[in-house]
Each structure stands twice: as C-alpha cells, then as structure tokens.
2 protein chains.
Amino acid sequence: MPASSTRARLVAAAFRLFTARGFEATTVDDIAAEAGVGRTTFFRSFPSKEAVVFPDHAPILGAVDARLASASRDSADLALLEASRIVLDNYLADGDVARARYALTTSVPALRATESANQRAYQQLFRDHIRRWITPVDGELADDLLAEVLANAVVTAHNHVLRRWLRGTSDDPRRDLADAIGAVTSRIGLDAAAHEDTQVVVLRSRRSFDDVLPEVRRLLAD
Amino acid sequence: MPASSTRARLVAAAFRLFTARGFEATTVDDIAAEAGVGRTTFFRSFPSKEAVVFPDHAPILGAVDARLASASRDSADLALLEASRIVLDNYLADGDVARARYALTTSVPALRATESANQRAYQQLFRDHIRRWITPVDGELADDLLAEVLANAVVTAHNHVLRRWLRGTSDDPRRDLADAIGAVTSRIGLDAAAHEDTQVVVLRSRRSFDDVLPEVRRLLAD
DNA sequence: GTCCTGGGTGGTACGGAGTACCGTACTAGG
DNA sequence: CCTAGTACGGTACTCCGTACCACCCAGGAC
C-alpha cells in the first residue's frame, strides 16, 4: 500500500469526523483509528491536526509559484489571472471537500488562523513576483507598497469569488474570477507604475464623455 | 495591587524571557514565576501563550472601531487615515516593545499565525465600515469586492509603513502613513464608485502636464 | 537457506498548553 | 464579628506534538 493512500484515508477520515462531531471534539487518536492506522502515522503525514484540513496547500502553492515564475513583466496580468485560477480550479475540482472546509474554517478559530497563515504564503508569493516585475524600473518606497497591495488585492479577489461560489451565490466562478482580477489589475496594475510621467487629476464636467474625449485627444496630439 | 499591574508584570516578564530564551523555550510556568504569580493567574489574564505578545490588541481594535463608526461617507478618507494612525501611534508609543514583538513575529511561526489572525480582525473592521459607506449607492458584486480590497490595502499600507519604521528605514512614520494611505485611497478610493459617471482613459502626450491642464479645464468648463 | 539493511509502521513515554475545579486569603460592607 | 465577593494559587486532567524504540517485511549478498 503506497503512502499516498494512507494520506488520502487520513484526510477522508478527518473530514468525516470533523463534520460529524466538530473539530475540537475530535482527537487525533480518533482520526487515526477511523483511518485504521496508528497515531504516529498521522503525524508522519501531517505536521499538525489543523494541517489535515488543507492537505493540498503545499503542492498548489508550488504550482502557483511555477506559473508566476514563468511570466515576465509583459505577461504579468495574464499570469496573475492564471495563477489565481490554479487555486480556484483546485477548489472547484471537489466542491464537497471545499464546502466542508469552508464550514470548518468559518466556525473554528484555530482553523481560521491557519487559513490566514496559508493565505499569507500566497500573498508573499505574489508579492515577490510582482516586485520582480517592477524593480527593473526603480526601487522607490511606493513600488514595494504597490507590489504588496496588488498581491493582496489579487488574493482578496480570488477569495471573494471563491467564497461567493461556496455560498452558492455564483454560477460561473471562472468568469467571475476573470472579472474580479481584471477589475483589480486595471486599478492597481503595473502600468501606472511603469509610466512615471503619468499624472492623475479628477475633473468634472456637464459635457458628455463622448463629446469631450475627441477634443482632449486633439489637444494632446501635438 | 490592582489587576492591571499583574497584567503588566506578566507582559514584561514574558517579553524578557521570550527575547532571552526564545518563545518555544519559555513555558507559561516560567513567565508566571518570573512575574511572581501562579500559572492560573496567567491564563486569567491571557487566553493563550501567544496572546501575551499582543496585549493591546482588543483595546486598539475597539478604538479603531469607534473612530470608523463616527465617520460618514464624506469623511471616509480622513477616517481611514486617522483610524490606521491610531494603530501606528500605539506602536510608536513604546518602540522597544514593538521592536521586540517584530523580532518575535518574524522568527516564530506560531506568532506569525496569531498576528495574521489579528490583522484579519482589522481588515474585517475596515471592510464592514467601508461597505457601510458604499452600500447607499448600490449593492453590486463589485462593491463588496471593492470594500474588501480597499480595507486590505489600508491595512497593508499601515503594515508597510510600520515595518519600515521598525527596521529603522523611516524617520517620519506618521508622514509616511499619510502618504501611503493617500496613495492607496487615491487609487482604490470610494470616489470612483461614488461617481458612476466618471470614466477613466489613459492618454499620452509629449506636452508638459502644466501646459495641458489649464487647457483641459477650459475645455470642460462649459 | 541465512544474514543484513532500510523504509514504513505501531507503541510507549514525556513535556507542555489549556481547562476545570476547589480551597484560600484579602477586602468591603452590614 | 460575620458574610459576600473577588482575586489568587494548587491540583488534576485531556490532548497535542515529539522522541525513541521495537517490529515487520521486502530485497539483495553470500
């Protein structure tokens, strides 16, 4: 019997017991007994009782890292979308486990904490790659902050879409993700940092947008 | 001897031992003995060993909540700045403890997890108030996401400034905070959602900004 | 066949966190 | 002096996580 099967049995046993009795009321001995193995074997497969709730964290994190590493500055926006999509697809792959995990993380404080730690890992991953795409231009204070805010926004957008789907509010989460990531990158994207000569001023006018735009274009032409 | 003094002695004892021996190598018995109290008293003052590292979390969270609750939509930007400034000022008040805490959270995984959980509390606080300021307009998908992203960005900006100061890279953290929050709200601020008739187009020109702006103003005037 | 080696496993024992419970001292107020 | 309330210390318990050891079993060397 290969080791992966033992891991899978432990995960299945843990989710069965957690959803039935609750997280705190289930001991590691219970999980091991339910899976038909010893307590020591559990801790060989998972570093803690919390970790069994997020069994695919490390491999997904690695896949996201690989996707981001393969991108350059020009393909940044697409990389952000597809990297977050890797995570989303993994949740969509088996929705029952994802929903069970959602129910657990929303009710058990200890699991919320480890989930926060996991999301922090994603944020740092995105941040580092975004910073790598930015720094060729310059290394100002604002750039480090921009990288962090953008990374945070991407993760937040993903979580937002995922949560909506888990609650049944969304029909097409992949499309929602594309919209959300697009909305985020269009506001906090890298382009604004790239063109430092860009200046932003908000003006209001009673004139219609379609009327004004051609005139402004003409004004800036020469 | 009032109860607050016991708490303070426990915090001081904990930081002494944590910085000297490390977090894991220090037991709760050690902290209690160092503070001259029993082990039971420790758990009466703090719910866990980790919590003693963030003794002012709850009151600061309350103060931030109060500041945000007193703001309306029009004073939103100022409220975001001042609310985050409450947190910053509390760290600046005794920098030694803040630096010791920073050294601990960066090296001890368990403390990073609880810090993430604490920051999550701030994010949810900001998110709820921002959502309260937005929802009068409409309740679209994008608005919930905007509230979450903006809340996240504010917390990120604060953490960014705080971390720079803790590392000694910054001289005037209050000014940096104002800049960072300003940079964040100008990009992700509520105004864009408020004025739905606003449209954004990026145009490039060889002409200088100062030349163009008055002409554009004149163009939009009538 | 016997011997040896190494990976996966189960069992036992231990330290330490967190909880429940009880007894005690000190104080305030009648 | 008595009583009620409060803060404190001590003991015992469960459970997580780790260290250590003994076991089984496959497979190769001779």
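Note on naming: letters A, B, ... go to the chains in the order of the sequence lines (proteins, then strands), and numbering restarts at 1 for each one. A quick note: this is a predicted structure, and the numbers were derived from the prediction, not measured.
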query = Listed by chain and number, what are the side chain to side chain donor-acceptor pair (under 3.5 Å) partners of B/Arg16, not counting sequence neighbours?
reply =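 Side chain to side chain donor-acceptor pair (under 3.5 Å) check on B/Arg16 returns B/Glu34.
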
Electrostatic pair B/Asp144-B/Arg127, nearest N-O below 4.0 angstrom = no

inquiry  = Using a strict threshold of under 4.0 Å (side-chain N to carboxylate O), is an ion pair present between B/Glu115 and B/Arg120?
reply    = no

Rounded distance in Å - [atom1] ([X]) to [atom2] ([N]):
X       : N      : atom1 : atom2 : value
B/Phe46 : D/dA7  : CZ    : P     : 15 Å
B/Arg7  : D/dA7  : CZ    : P     : 14 Å
A/Ile31 : C/dG10 : CD1   : P     : 15 Å

task = List the protein contact pattern of nucleotides 16-22 of chain D with one symbol per nucleotide (5' to 3'): B for base contact, S for sugar-phosphate-only contact, - for none; contact means a heavy-atom distance under 4.0 Å.
result = BBB----

request  = Would you check, one step at a time, whether the test salt bridge (Lys or Arg N to Asp or Glu O under 4.0 Å) holds for A/Asp128 with A/Arg131?
outcome  = CA-CA 5 Å; A/Asp128 290 344; A/Arg131 199 148 53 186; 3.4 Å; yes

N/O donor-acceptor pair under 3.5 Å between B/Asp30 side chain and B/Thr27 backbone = yes

query = Given C/dG8, is OP1 or OP2 found less than 4.0 Å from the side-chain N or O atoms of A/Thr6?
reply = no

ask   = Is it true that the NZ or CZ of B/Lys49 lies under 6.0 Å from the centre of B/Phe23's six-membered ring and within 45 degrees of the ring axis?
value = yes

query = Relative to B/Trp165, does B/Arg174 satisfy both conditions: NZ or CZ under 6.0 angstrom from the six-membered ring centre, and within 45 degrees of the ring's axis?
reply = no

message = Can you list, in residue-number order, the parts of residues 103-113 of chain B that come under 4.0 Å of DNA chain C, counting heavy atoms only?
response =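 Correct list: empty, so none.
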
query = Is B/Asp172 atom CG crowded by more than 12 heavy atoms from other residues, nucleotides or ligands, each under 6.0 Å away?
reply = yes

